[in-house]
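Chain A is the first sequence line, chain B the second, and so forth, proteins listed ahead of strands; every chain is numbered from 1. Values reported hereafter were calculated over all heavy atoms of this structure, with side chains retained and with hydrogens, waters and symmetry mates removed.
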There are 2 protein chains.
Amino acid sequence: MKAEAAERRFVRFLKSKKQRVTRQRLEVLRLSWETHEHFTAEGMLTWARKLDQTVSRATVYRSLALLVEGGFLSVLERGKESSLYEHSLGHAHHDHMVCLSCETIIEFQCEAIEELQRLEAKKRSFNLVDHSLTLEGYCSQCKNPAR
Amino acid sequence: MKAEAAERRFVRFLKSKKQRVTRQRLEVLRLSWETHEHFTAEGMLTWARKLDQTVSRATVYRSLALLVEGGFLSVLERGKESSLYEHSLGHAHHDHMVCLSCETIIEFQCEAIEELQRLEAKKRSFNLVDHSLTLEGYCSQCKNPAR
DNA sequence: ATGCCTGCAAAAGATTTGCACGTCG
DNA sequence: CGACGTGCAAATCTTTTGCAGGCAT
């Protein structure tokens with residue numbers, strides 16, 4: 001999805017929730033569309049501050065949460081490490097492989113896995129909303145069988 | 001695996017790492033074998049303190065990390081929420097479905113998914129060490145399509 | 001002996017919250 | 001206007017760490 005489309009959709013999303021369209025919220029949305037990398041809340045704060053000295057950390061967190069709720073961003077939780085965000089609408093869904101050595105993130109898609117997940121959920125009358133799958137190991141660069 | 005077997009294996013594990021077999025470490029191991037539920041570090045601390053007033057939080061965390069490293073426990077990371085542990089050796093590997101409403105955790109196994117993960121990893125020359133798959137949604141009790 | 005462990009308390013790090021003020025609708 | 005959003009700083013919460021003394025080997 002293009003940035004402008006995302007923006008229009010975000011405005012609609014906010015209105016539907018009776019929330020206000022503010023400069024800060026739009027800014028976070030726009031910035032998240034400007035990279036194709038994963039980013040942290042702190043990273044977003046740094047970018048936002050380049051445009052507007054006064055944006056606060058709290059607002060960045062609050063906006064990111066809103067964007068996730070609306071499905072504009074998806075989150076990759078990393079235990080105690082800070083979460084990584086990426087814009088998601090219009091991106092095909094994918095999962096991640098994370099290198100335990102160099103931290104590189106490889107994205108992959110596998111429809112067969114998704115299908116099996118839906119099947120397992122259905123078996124248990126579980127109303128599947130979302131899922132997160134992360135494979136941990138060593139990328140081809142690091143191939144480090146030690147641990 | 002029985003508790004005694006786990007204990008023997010843990011002692012061997014510690015010795016192999018030239019680490020000491022201490023009362024606190026054994027206690028954490030034993031307690032983790034006494035429940036078949038998932039537990040938090042804080043929960044473990046509470047249990048341990050019933051037996052020994054002086055066990056410290058730091059030691060519980062350090063022991064849990066050791067047990068995870070040795071493969072005695074597995075962890076379910078929950079974003080900002082505290083991690084959940086469960087004894088794993090001798091338990092077949094499984095993944096989790098977490099109810100967004102009542103927090104119930106349903107365990108499931110699917111060898112076909114595991115196989116596909118190995119396949120995807122191999123495709124990318126990724127040396128797979130571990131993985132975590134969590135399905136989020138609503139359990140049959142809560143079936144709450146809203147969100 | 002002696003070096004790994006432990007308890008304690010303080011530190012860390014990410015994220016959240018309370019509050020007074022600003023601003024969108 | 002009036003409610004909702006924002007910035008700021010302080011608070012939270014989980015987990016980690018530094019250090020002095022204790023205990024396993």
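- Between F10(A) and F72(A), the gap from one ring centroid to the other is short of 6.0 Å.
- Aromatic rings from H93(B) and H131(B) are positioned such that their centres are separated by under 6.0 Å.
- Checked by atom type and distance alone, the side chain of S125(A) never pairs as donor or acceptor with a backbone atom of S140(B) at under 3.5 Å.
- Comparing dG7(D), dT17(D), dT14(D) against the side chain of A58(B) picks out dT17(D) as the nearest.
- DNA chain D is contacted by both V21(B) and Y85(B); Y85(B) maps to the nucleotide lying nearer its 5′ end (nearest heavy atom per residue).
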What are the atom names and distances for every N/O pair under 3.5 Å that joins the protein to nucleotides 2-5 of chain D?
{"residue": "dG2(D)", "atom": "N2", "partner": "R20(A)", "partner atom": "NH2", "Å": "3.4"}
{"residue": "dA3(D)", "atom": "N3", "partner": "R20(A)", "partner atom": "NH1", "Å": "2.8"}
{"residue": "dC4(D)", "atom": "O4'", "partner": "R20(A)", "partner atom": "NH1", "Å": "3.2"}
{"residue": "dC4(D)", "atom": "O2", "partner": "R20(A)", "partner atom": "NH1", "Å": "3.4"}
{"residue": "dG5(D)", "atom": "OP1", "partner": "Q19(A)", "partner atom": "OE1", "Å": "3.1"}
{"residue": "dG5(D)", "atom": "OP1", "partner": "R20(A)", "partner atom": "N", "Å": "3.4"}
{"residue": "dG5(D)", "atom": "OP1", "partner": "R25(A)", "partner atom": "NH1", "Å": "3.1"}
{"residue": "dG5(D)", "atom": "OP1", "partner": "R25(A)", "partner atom": "NH2", "Å": "3.2"}

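- Side chain of S83(B) to main chain of G79(A): no donor-acceptor pair is present (N/O by atom type, distance under 3.5 Å, no hydrogens or angles).
- The outermost nucleotides of DNA chain C lying under 4.0 Å from heavy atoms of chain A, listed 5' to 3', are dA14(C) to dG25(C).
- In this structure, R78(A) places its CZ atom 17 Å from C1' of dT14(D), rounding to the nearest Å.
- Mapping V55(B) and K80(B) onto DNA chain C by nearest heavy atom places V55(B) closer to the 5' end of the strand.
- Linking ILVMFWY side-chain heavy atoms closer than 4.5 Å, directly or via other members, places F108(B) and L135(A) in a single hydrophobic cluster.
- The separation between R57(A) atom CZ and dG7(D) atom P is 12 Å, rounded to whole Å.
- Residue T40(B) is classed as having no contact, given no heavy-atom separation below 4.0 Å to the nucleic acid.
- Other residues, nucleotides and ligands place more than 12 heavy atoms under 6.0 Å from the CD atom of E107(B).
- Between atom CD of residue E114(A) and atom CG of residue D95(A) there is a gap of 5.5 Å, rounded to the nearest 0.5 Å.
- Computed from coordinates, the E81(A) CD to dT14(D) P distance equals 18 Å when rounded to whole Å.
- Electrostatic pairing of R78(B) and E77(A) does not count as a salt bridge here, judged by no charged N lying under 4.0 Å from a carboxylate O.
- Taking atom CG on L66(B) and atom P on dT16(D), their separation rounds to 13 Å, with Å as the unit.
- End-to-end axis angle of the helix from dA1(C)-dT25(D) to dG25(C)-dC1(D), from C1' rotation axes over five pairs per end: 40° (rounded to 10 degrees).
- Salt bridge E27(A)/R30(A): absent, no basic N to carboxylate O contact under 4.0 Å.
- Atom CZ in R23(A) sits roughly 9 Å away from atom P in dT6(D) (whole-Å rounding).
- By the 4.0 Å N-to-carboxylate-O rule, R25(B) lies too far from E7(B) to be salt-bridged with it.
- Whole-Å rounding puts the E27(B) CD to dC23(D) P distance at 15 Å.
- Side-chain N/O atoms of H87(A) and E34(A) include no donor and acceptor closer than 3.5 Å.
- Atom CE in M44(B) sits roughly 16 Å away from atom C1' in dT15(D) (whole-Å rounding).
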